[in-house]
Amino acid sequence: MDIFEHFRDVVTAAIANLVSRGTLPQGIDTARVAVEPPRDPGHGDVTTNAAMVLAKPAGAKPRELAEAMCVELNAQEDIVIAEVAGPGFINLTVDPSVWPKVVAAVLNDGDDYGRSTAGQGVSINVEYVSANPTGPLHVGHCRGAVFGDALANLLAFSGYDVVREYYFNDAGSQVDVLAKSAFLRYREALGEDVGEIPSGLYPGDYLIPVGQVLADSYGSSLLEMSEDEWLPLVRRESVDLMMAAIRADLKSLNIEHDVFFSESALHGPGGPVETALADLQARGLVYEGRLPPPKGQLPEDWEDREQTLFKATEFGDDVDRTVIKSDGAYTYFAADVAYFKSKYDRKFQEMVYVLGADHGGYVKRLQAVAEAISGGQAKAVVRLCQLVKLFRGGEPVRMSKRAGDFVTLRELINEVGPDVIRFIMLFRKNDAPLDFDFEKVTEQTRENPVFYVQYAHARICSVFRNAAEMGLIPDSEHVTLTNCDLNLLQDGGEIAIIKRIAEFSRVIHGAAAAHEPHRVAFYMYELASALHAQWNRGKELPQLRFIDEKETDVTAARLALCRAVRYVLANGLGILGVVPLKEMR
RNA sequence: GGCCCCGUAGCUCAGUUGGAUAGAGCACCAGAUUCCUAAUCUGGGGGUCGCAGGUUCGAAUCCUGCCGGGGUCACCA
């Protein structure tokens, strides 16, 4: 139940009445009419700009039109009073009987409260992480991983058909470097002293176990082979092991992809890359040509050469993009084209790419590919995540590119835990930079929003435990309150909580539409705040405490309200991928 | 130089896709616990929304131009 949707219907009906009465013209566009919670509680419970938006096309004065609408709205039984305010706002004060209905609706929907069909089953592919399998995940991957996952949760909760996808590059020259590095570790595992790892290879310790696995499964047989022979074997083995490690790390962060898509599956004779390029070729979107030199400072090694280009400029990109290099090899971008086509062939209508801010330059070309391949039928939506800067007690954590001198995701998880990582990463707009301080995020204070929100949930669970002990409810885990009188929820603080709860659907809807999961995190914080406030009012005014053994009817109603808040907190945290704790000591 | 993102209280950040008197937290000041978890709450001061124009009933939000900060530019992956 979304009361704002409900009152939107009411407002729409009032508009229809005015149309039939001739006050408003036929076919007037109501798209810009907003029915929303007012920022200022003094402006009633629900507010609409309808009169101001419609005044111009109707040739009426906003306030006069508002007056006419108020006459219609005041006839509605859900509305205590509709009044004109300011330049032509209509503020609705809702009948008090609406609030208990909100609580009842939450209890009725339970784990599904807030879930909607707004997405209408539109098929969305969310691609995130997609780190190359040449090493373990590090903090640089973390934000995109969490963001992508929460976005996927959010979209699924909102009625979209979501697939979570990971694209891994197992075809490029970097993977050869990985294999060569692993081969060195393999020789080391067989007892050879390989000395310092040569520059150009990956020196990280994480390849030592890979070498050991190779030694265990191949013995010394690889040493007998030429590089052409062992390279493919070692490459595949190394990629498999790296991907297994990456998946394990992601699992620890509560992230599981549906599809792991291998780049090498795109290549080969008659493969998707060839098909996709032939497709573009057939439509005259590929040509042999030369690119203009880059603007500004000319790179030292720049040379003007003929290559095969995709007409990206026809679709809004700044320059045409190379698909086949002058040496005849495909570019990485060619694989991107084929990969998009794969997604399109799999019937996705929207392809979300979660990328780091350093990939901002890819946005236009990806959108160009989407436009060209799908003919405008599918769209590429790119969400960029800004950099995360690590701190420890206010001091920046230095990370150089030298061996092993970067903080891995594993280390981060082990130190602060998945819930803290996820919530902090999501408690900021994705395109704003984020400072992540190891010490601050694990502090158990109000300053730390993770604990603040989780504590609200735990507090409710604590109330239930106490209520169960007192025999007011049979079981703290299965709070079923079918026969309580929710009209007993009369206190202003209680109503404030209910109003907050009533906004949940609206928040989810807006967050999903904007692809902004952080809105859910901020909402969680606000709801937690409303709960903590009411809790503390019970300290000054004992009659407002959730549990009052002498007033069992009121207690039952308040426990029902707590149960509703708990559902909303749990459902919201579920979207964020954070565990709602039942106890914090 | 071209393109993208950011600029809001002393600090860190929100701002419901254009709404009414711009909001939280931290910090600062003053308070609250014999009582369901004080990991909490209540009150107070604090603003030229980077600057200047434009669009309109109405702009932190949309458009243009500047200023300042970051990212990016390829036959790399």
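Throughout, protein chains are lettered first and strands after them, A, B, ... in sequence-line order, and every chain is numbered starting at 1. Nothing here was measured: the structure is a model prediction, and the numbers come from that model.
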Touch class at under 4.0 angstrom, heavy-atom based, for [X] against every strand present:
{"X": "A:T322", "value": "sugar-phosphate"}
{"X": "A:Y362", "value": "base"}
{"X": "A:A514", "value": "base"}
{"X": "A:L291", "value": "sugar-phosphate"}
{"X": "A:R321", "value": "sugar-phosphate"}

In the strands shown, is [N] matched to any nucleotide by a Watson-Crick or G-U wobble pair with both distances under 3.5 Å, and which?
{"N": "B:C66", "result": "B:G50"}
{"N": "B:C3", "result": "B:G71"}
{"N": "B:A60", "result": "none"}
{"N": "B:C36", "result": "none"}
{"N": "B:G23", "result": "B:C13"}
{"N": "B:A30", "result": "B:U42"}

Once hydrogens and angles are ignored, does a donor-acceptor distance under 3.5 Å link the base of B:U40 to the side chain of A:N536? yes
Under 3.5 Å donor-acceptor pair, A:N49 side-chain atoms to B:A20 base atoms: no
Closest nucleotide of RNA chain B for A:S462 versus for A:F522: which of these residues is on the 5' side?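 The answer here is A:F522.
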Both A:E503 and A:A85 contact RNA chain B. Taking the nearest nucleotide for each, which residue is further toward the 5' end? A:E503
Using the P atoms only, state how far B:C63 lies from B:G19, rounded to an integer number of Å. 15 Å
A:E516 CD to B:U16 P, straight-line distance once rounded to whole Å: 9 Å
Proximal nucleotide (of [options]) relative to the [X] side chain:
{"X": "A:M52", "options": "B:C57, B:U16, B:C76", "result": "B:C57"}
{"X": "A:A432", "options": "B:U16, B:C5, B:A14", "result": "B:A14"}
{"X": "A:V463", "options": "B:C57, B:A14, B:C36", "result": "B:C36"}

Is there a stack between A:F89 and B:A20, judged by ring centres under 5.5 Å and planes under 30°?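 Check passed, A:F89 stacks on base of B:A20.
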Ring centres under 6.0 Å, that's the criterion: do A:Y128 and A:F147 meet it?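 So the answer is no for these two rings.
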Between A:Y167 and A:F260, is the ring centre distance below 6.0 Å?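 For A:Y167 and A:F260, the ring centres are not under 6.0 Å apart.
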Step-by-step salt bridge (charged side-chain N to carboxylate O under 4.0 Å, His left out) determination, A:E439 to A:R392: CA-CA 6 Å; A:E439 288 179 12; A:R392 190 178 290 280; 5.6 Å; no
Can you tell me if the side-chain N/O atoms of [X] get under 4.0 Å from OP1 or OP2 in [N]?
{"X": "A:R428", "N": "B:C13", "value": "yes"}
{"X": "A:H359", "N": "B:C76", "value": "no"}
{"X": "A:R32", "N": "B:G18", "value": "no"}
{"X": "A:K325", "N": "B:A77", "value": "yes"}

Using the purine O4'-C1'-N9-C4 or pyrimidine O4'-C1'-N1-C2 torsion, is B:U17 syn (within 90° of 0) or anti?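 What B:U17 shows is a syn base, its glycosidic angle lying within 90° of 0.
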Examine A:R321 relative to A:F333 and say whether NZ or CZ is less than 6.0 Å from the centre of the six-membered ring and inside a 45° cone about the ring axis. no
So A:H518 and A:F522, would you call those rings parallel, tilted or perpendicular, with 30° and 60° as cut-offs? perpendicular
Yes or no on side-chain hydrogen bond (donor to acceptor under 3.5 Å, both in side chains) for A:Y287 and A:D320, after CA distance, side-chain angles and deciding distance? CA-CA 10 Å; A:Y287 67 101; A:D320 289 340; 2.5 Å; yes
